[in-house]
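Report on the structure given below.
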Amino acid sequence: MAKLAINGGKSVRKDPWPEWPVFDTGEEEALLGVLRSRQWYSAQKIKEFEEAFAAFQGARFGVAVCNGTASLEAALVCCGIGAGDEVIIPAYTFQATADAVLRANGVPVFCDVELDTFNLDVRAAARLVTDKTKAVVPVHWAGLPCDMDRLEDLAARHRLAIVEDACHSWGSQWKGKGTGALGNAGGFSFQLSKNITAGEGGIVLTDDEALGRLIRGFVNCGRGLEDPWYHHYRLGSNYRMTEFQAAILLVQLGRLEEQAARRAENAAYLNAQLSRTPGVHALAEDERVTRRSYHIYQVRYVAGECDGPPRDRFIAALNAEGVPCWGGYEQPLYRHALFQRRGSGPEHCPLSCPYYGRTMDYAAVNCPNAERICREAIWFGQRLLLGTQKDMGDIVRAFQKVYGNRAQLKEHA
Ligand SMILES: Cc1ncc(COP(=O)(O)O)c(C=O)c1O
């Protein structure tokens, strides 16, 4: 019996994992080029990046912005979401998905997710549609596209806008078409942890030219596009990207395809190997997904199915074996204090304001799958998937060792 590293034994792995972000002289030269050009603000690099990224996703138009949260807000506002409109979003996502709805003065309506994909459960979404529902925001979670066939059908039946939270899905495709412009518009993030990054950054994609023009004006202080500089037409904001960000992102985009292929190959290996450990469930794939990114690699670990230690103890033991992983979100979004607060008055708008005409009570929301996933998920950062097959073998060996010696975890619990 091997002694677990958490109990002082020798760890499966001591070597470092691939570092993130990846960069080389390409980024260095690109940054210096912008610096020396003195064109630090909205110029050629942004235009080039907008065109290149939109083309990569198969969208007609791209508008670069300062981050993913702003990309979603811009898309929602320009799709006409306003005071008191309900917007269906998954309960298992990052806060930014809900923030964008709130910033548009909309009311987030939390929907449960599928246990085997962690994506919006479109059947559950159908039950949440009311006369106030104006849009739905599918999050292509961890890079796996949501079931867009079902979602498009739902949106068409109820005349809902689809704004994709594509902040994890650079390169992902649904039936051959890239995410981002599968619905009306979609937003991407290029924050540091993301699979292409400039530290911060974002872009909105759309196939709709008029919508693209609205978005471009919104993120540029509500200006018109060909009008005098100090003419402002609508409430917008300054959500512009810098030339430095665009220059780095152009270089990062050049590596994306090769990196995405490597992550996908390693994820397929892990799916096959890790699900051989009792209690460990790989997530489902869908053959309509013709390419996908892996922003996070995840499995579900169900201690009760395998006489195993609690999830967090299992994770601590994996960490000690030299495998970095964690449990991800501790609670579905609706459980955060922001949503659990009660009251009325302007500070509670848009959740209880005259424009809404109703009061949203998030204390009554319960999404059982999202709750369960918060207890059962194990997350691995995307940088691990840039490793070699031997690196993936270390992850598998760590799982086998921890599970095989689980009695030691109980003894020391
Ligand atoms: C699902 C999701 N949506 C939106 C965002 C917001 O992106 P940003 O951090 O660039 O504002 C993130 C960022 O982590 C995210 O994970």
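Each ligand, and each atom within it, is numbered from 1 in the order the structure gives. Just so you know, these numbers come straight off a predicted model, no measurement behind them.
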Nearest-contact summary for atom 2 (C) of ligand 1 - protein heavy atom, Å: Asp165 OD2, 3.6 Å
Between Asp24 and Arg255, does any NZ, NE, NH1 or NH2 come within less than 4.0 Å of an OD or OE carboxylate oxygen? yes
Hey, is ligand 1 close enough to Ala96 that some N/O pair sits below 3.5 Å? no
Please report the shortest heavy-atom distance between Leu333 and Ala98, naming the atom on each side. CD1-CB, 3.9 Å
Hey, does Asn271 have a side-chain heavy atom less than 4.5 Å from the side chain of Glu285? yes
Taking 4.0 Å as the limit for heavy-atom contacts, which would you say applies to Thr93 with ligand 1: side chain only, backbone only, both, or neither? side chain
Identify the protein heavy atom lying closest to atom 12 (C) of ligand 1, giving its residue, its atom name and the separation to 0.1 Å. Phe94 CD2, 3.6 Å
Report yes if some N/O of Glu200 lies less than 3.5 Å from some N/O of ligand 1; otherwise report no. no
Axial cation check for Tyr294 ring with Arg292, 6.0 Å and 45° limits: yes
Of all protein heavy atoms, the one nearest atom 13 (C) of ligand 1 is Lys194 NZ, 2.9 Å
Measure the distance from atom 11 (O) of ligand 1 to every protein heavy atom, then report the residue, atom name and distance (to 0.1 Å) of the closest one. Thr69 OG1, 2.5 Å
Arg311 to Phe314 six-membered ring, cation-pi geometry met (6.0 Å, 45°): no
Flag side-chain contact, heavy atom, 4.5 Å: Val77 against Arg234: yes
Judged by non-hydrogen atoms, does His295 sit under 4.0 Å from ligand 1? no
Nitrogen or oxygen atoms of Ser189 and ligand 1 under 3.5 Å apart: yes
Side chains of Ile162 and Glu152: does their closest heavy-atom pair fall under 4.5 Å? yes
The side chain to side chain contact (heavy atoms under 4.5 Å, CB included) partner of Val299 among Leu270, Leu283, Leu274 is Leu274
Considering non-hydrogen atoms of the protein only, which is the closest contact for atom 16 (O) of ligand 1, and what is the distance? His168 NE2, 2.7 Å
Atom 4 (C) of ligand 1 sits nearest the protein heavy atom Cys167 SG, 3.4 Å
